[in-house]
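Report on one structure; see the data block that follows.
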Amino acid sequence: MQMEEYILPKDWQPPFAVEVDNFHFTPRIQRLNELEAETRVKLNYLDQIAKFWEIQGSSLKIPNVERRILDLYTLNKIVLDEGGYELVCRDRKWARVAQRIGYPSVKNLGSLLRSHYERIVYPFHMYQSGANLAGYSERPRYNNEEKDKEYKPHSIPLRQSVQPSKTSYGRRAKRLTSEPEPTEEDIEKNPELKKLQIYGAGPKMMGLGLMAKDKNLHKKEGDVLECPPTLVVKEEVGVDSEESQPHLTLERSLSPQPCTKMTMRHRRSTNSSQFMDSYVCRICSRGDDDGKLLLCDGCNDNYHTFCLLPPLPEPPKGIWHCPKCVMAECTRPPEAFGFEQATWQYTLQSFGEMADSFKADYFNMPVHMVPTELVEKEFWRLVNSIEEDVTVQYGADIHSKEFSSGFPILDGKTELPPEEKAYATSGWNLNVMPVLEQSVLCHINADISGMKVPWLYVGMVFSAFCWHIEDHWSYSINYLHWGEPKTWYGVPSSAAEQLEEVMKKLTPELFESQPDLLHQLVTLMNPNTLMSHGVPVVRTNQCAGEFVITFPRAYHSGFNQGYNFAEAVNFCTADWLPTGRKCIEHYRRLRRYCVFSHEELICKMSACPEKLDLSLASAVHKDMLLLVRQERRLRKALMEKGVTEAEREAFELLPDDERQCQKCKTTCFLSALACYNCPQGLVCLYHIDDLCQCLPSRQYLRYRYTLDELLAMLHKLKGRVESFDTWANKVRRALEFRNVGRTELEHLRVLKAEAVENKFAQNDLLQELKDTIKETELCINEAKKLLDNPYLDRSSAAAISLNSLNKLIHRIQALPCVFNQLPRLEVILWSALFFRQKHPPATLEAIIKEAENIPVQLPNTLSLKEALCKAKAWSADVDEIQRGDHYPCLDDLEGLVAVGRDLSVKMQELHQLEVEVAAAHSWRDKAAKTFLKKSLCFTLLEVLCPSSDVFSSSEKRPHWRKAKEHSLYRSDKESLGLSAQDLRDPACIVLAFKEGEQKEKAGILKLRTMNSSIQRRRVCVCGEPPGELMLRCELCQDLFHGLCVPFPRLTSHCGTHSSPSPAWWEWNSHFLCPHCIRSRRPQLQTILSLLVALQKLPVRLPEGEALQCLTERAMSWQDRARRVLATPEISAAATALVEKRQKLQHNKGPQALRETTCNEQTPIANENGDSHLKNGTAIPDLDAMAALISQIDKTPVLEISIGSRALLEDLMLEGDLLEVALEEELSIWRLLQASQPACVEKLKTLIEIERMANCLKGKDHEKRKKRRSKRVEWGSPPPTLLKEEVGPKRSRSDQTMDATADKSSPRKMGTESDQNGERL
């Protein structure tokens, strides 16, 4: 495992507690292409080769090949891999070299690379190999000679551009134009260029690509010469040609200081023979031919021009360095790489402005819109580029103690709000986590910055943290408080050594000069490169509010996607201890300083084992055991060496730098070796031979504890660990009762108390013990309640839930405790099983007969006889009911079934009765679905029977909801006014139904008269005063608000796009109030199908008798209506009415009733079948109807005699009372409408009501959907939103709604539906 990302719950959002006003920090400067290991190697190589040519007095120009700068390092490395320059030239492998570099197959490209290699790289390689020093002899040195000062390595120009531009950040570095190659004419005119044609002290050839600067550098003899101490960066941008290529130029500047060394001039004679001996050639060891003897300006050695390889034709003018000095300077190891600090401070605001500006300008888009994938791709491109130099800044390793942590802290100085105190004490607070009881670091007294005390990190885009592992290979946790994400890369600890080997293999030059490079946090390597060499790498993006945890010795690195603020700290758990010991051994081999003493930590925890968590104590014991064995072996080796003196030393009181081993830098604690003669140092016992050369008798052991004291600590720690093992074994033996006997509950409680006393941490075994004790106590309580029941005997055991009793016994049997009540419970279970199993009466008779022959009184014989007697009585009742004159009533059968089910005898007739009862219930449910509306309080029998008390209950009509809530509506027995015995007689039911018809008609006539003559102050279902848009019921003549009740929809007769019929008498204007419509009013054909199903039932239901009476009443009314409609006068009137309608339709012009712009909009069909426009306006039929109303002639369309009209009105009244939909009723209604003046005002009212309802329905469509399941219940406040309705049906069954208003609020619109539609 390498790293994990943790996302806490959304409600865990700690406040940002940093003191923003006082937060000032100095960031680090990061040049991106210096971070990557392979890129840094290339840059170091370019530094060396640039230095080589600078020493020769020339500037370096890196050529371009195929429109990109030639990678000189890669070129040299590939040539060496192919066997070297001579072998590549001999075997003509330059084309292969070009291919390996990555260049395309282009003609003469290999020759071009060979030319560049010979001119630039090969001379430098010769000096690196030491070929120019063949035959070199060292001359004697004298104390009075000057010693050269150390040369500071220079960087190539790309590495000198330290800051990005403040105004613009281009995605590419500025390219430099190339200068033309020197021609032969230029070489002839320029003696310096002519000198470069041959190999001299610095090998130079014709067309080398090197330019000698400052032609006036060599002056006449006797003039003072000047030395070139530095290089000057020169960037040139070509604008003359589009194909101009960039190049890098290193230029030597002149120093104002005079040169103090002899260069190419005749030496003065001297009398010192010793001085004369120094003027001999270092190669041939001769001093003759003084005119050809050159003096090195670096080391003052002498060389003949003809002894050099290759020889010089003439002495060079100006500064000259011998091959030895050139090689020494070029092979000087680079300085240790590290980040430099910026020279200015930032606040969070100023740094954020800089970071956001940089990112926005770089990517040319807002910072929050830059994809993380694009930033990641660009980061690795810049890191691997030697051409572009991008510099960023990173506020890393900022001490949280100076500016406060990002988490709230209980420091005692500031009173925190309650919500912040919870975060200040949370284990996820990075200030709390390292010092938790389960953390090892809580036993270290010192506040180790970065390990125990969090560090803060303020990042910007591209700022990076390089490959590293934590100190002492500990865990680390990083929390991103806010800002843009961090991209992380991780390598598991199992592959840590593999990563180190790969990086050392690919970049050996870096590790040769800096062996502990990976501990410096300054080196990256592309994850793709690592994975290509078999190193597993994972990645993740850490967003704000997320934790990232890295595991011990798991290498990790990454970079910031933008401006953010993070906090990190280390922690160590018990499982870390073995890893921490391995880390100390690793540090000892690397001679790396420790952050703390691992031995001191282990000993401190071992001294107080009672304070340790159990898992931690176990881990400490294992580590302490290894520590004691190792210390015993080391001290024994010390004694064998001859060291006999020893003294106690409290190492923990010494500063760390005074107790570090001078050999391996390990912090000593248990012991160290010191010397009386050399008190300035000490060593650990692993390096007793590296202290000094003094005799062992002068050396002495400094120790913290004796071996006996260490063994005592180990024994004490072992007791703490073994106490848990002893306790755990006791618990396991107690819980695993299969192998041994059961234990007592009290023993388990003692084990639990022992765990609490010893402060054992919560674990699976302890939790199992607690659960067992709890389950045992529950079973004891349940069994006690059952057994303490004084009325419990075997005969009543069957009344106990067999399932619960059986479960209780199984639970008790699964417990490891002794349970004394178990036998008694098993007896109860046996009794329950016996009485629960039913047997036929014949079996019981045989058992009783057999028991009577036994000369012993059996306890259960009496119970069996009683059960058999009850069974025979029940069978007699069944036979009596089935032998009656009529089918048995449903109530009687239900009673018999209930009694039969309670019998402990298996009755054969019971099943048949259950089938008959189920069939009756099924029929009644089907009838209820056909007639009843879910929102009303009527029963099925009430709906099917006439409402005989319609007038007497008129005052109670608005209060039906309250009646339903208090169960005040009538029962089935009250619906017909019959007793329970009369309901069993069909003749009584028919007679009561006929009487109810007469009472209903008389009552409704009286109610019509009263409602027409009396003006009430409160009307409608809402109980509010009358207002606008009032409707009057055609049956009871009561008034209702149009928006409180289901109103007839005038547009329900036409389709979505059809025009309204000009025959206004056919419009659906027949309004019946919710009080007069008690059911769905199904079609007569539906009722007849119910009657057919009823005839198949061998059971009588009151609802069935009522349905038969209702059907006879409807059919009787239908016959009367057909006879009336067939009379000559009425038949002629109906025919005339049809002709009148056809005439009106024929005379209607095509543009007479065309809809306006609303008609051009597409209606949207609702789920209930209605249509409305997208903008919520009324559908086109309403506008057309409103226009047609003004053209209606108010005179009657038909002339019908008074007698015929009275006959029709009487039929219409009786038809409205029927709870059945008949087609004849609609015909009568149209004749009556056409025979009287047109009710224009009523039609206008209906249009306005429908228009308002459609508008409100369009606005509140979504809310209406949520509430469509609610049903209308009378007496309740009307809903604010319209409820949905289905399309119109051919039946007259009306709909109902929940439409009553709150008396304290204005009247609200209720549910509107079609009078002939059904509400879902």
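Please read all numbers here as calculations on a predicted model, not as lab measurements.
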Is it true that, when you exclude E419 itself, more than 12 heavy atoms of the residues, nucleotides or ligands shown sit nearer than 6.0 Å to its CD? yes
Among side-chain atoms of S532 and T529, is any donor-acceptor pair under 3.5 angstrom? no
Ion pair present between E484 and K359, side-chain N to carboxylate O less than 4.0 angstrom? yes
Return the orientation label for the Y45 and Y73 ring planes: parallel under 30°, perpendicular over 60°, tilted otherwise. perpendicular
Under a 3.5 Å threshold, yes or no: a donor from one side chain and an acceptor from the other, between H556 and H468? yes
A quick test of your reading: do over 12 heavy atoms of other residues, nucleotides or ligands sit less than 6.0 Å from NZ of K622? no
Taking the six-membered ring for Trp, are Y423 and W12 parallel (under 30°), tilted (30 to 60°) or perpendicular (over 60°)? perpendicular
Donor-acceptor pair between T487 and N541 side chains, under 3.5 angstrom: yes
Measure the spacing between NE2 of H443 and OG of S606 and express it to the nearest 0.5 Å. 10.0 Å
Pairs involving residues 555-584, ordered by first then second residue, that meet salt bridge (Lys or Arg N to Asp or Glu O under 4.0 Å) (sequence neighbours left out): R581-D623
Looking at R381 and E376, is any side-chain nitrogen of the basic one under 4.0 Å from a carboxylate oxygen of the acidic one? no
Suppose we screen for side-chain hydrogen bond (donor to acceptor under 3.5 Å, both in side chains). Which residues come up paired with R591, at least two apart in sequence or across chains? none
If you count the non-hydrogen atoms of other residues, nucleotides and ligands that lie under 6.0 Å from CD in Q341, is the total more than 12? yes
Applying the side-chain contact (heavy atoms from CB on, under 4.5 Å) test to Y563, which of V458, V461, V367 qualifies? V458
What I want to check is whether the side chains of Y555 and E500 have a donor and an acceptor closer together than 3.5 Å. yes
For E546 and Y479, which I'm curious about, is there any donor-acceptor pair between the side chains at under 3.5 Å? no
Taking only Lys NZ, Arg NE, NH1 and NH2, and the carboxylate oxygens of Asp or Glu, determine whether R553 and E497 approach each other closer than 4.0 Å. yes
Regarding S476 and N570, is there a side-chain donor-to-acceptor distance under 3.5 Å anywhere? no
Check for me whether R592 meets the cation-pi criterion with Y587, that is, NZ or CZ under 6.0 Å from the six-membered ring centre and within 45 degrees of the ring axis. yes
Taking atom CZ of F25 and atom CG of D397, what is their separation to the nearest 0.5 Å? 12.5 Å
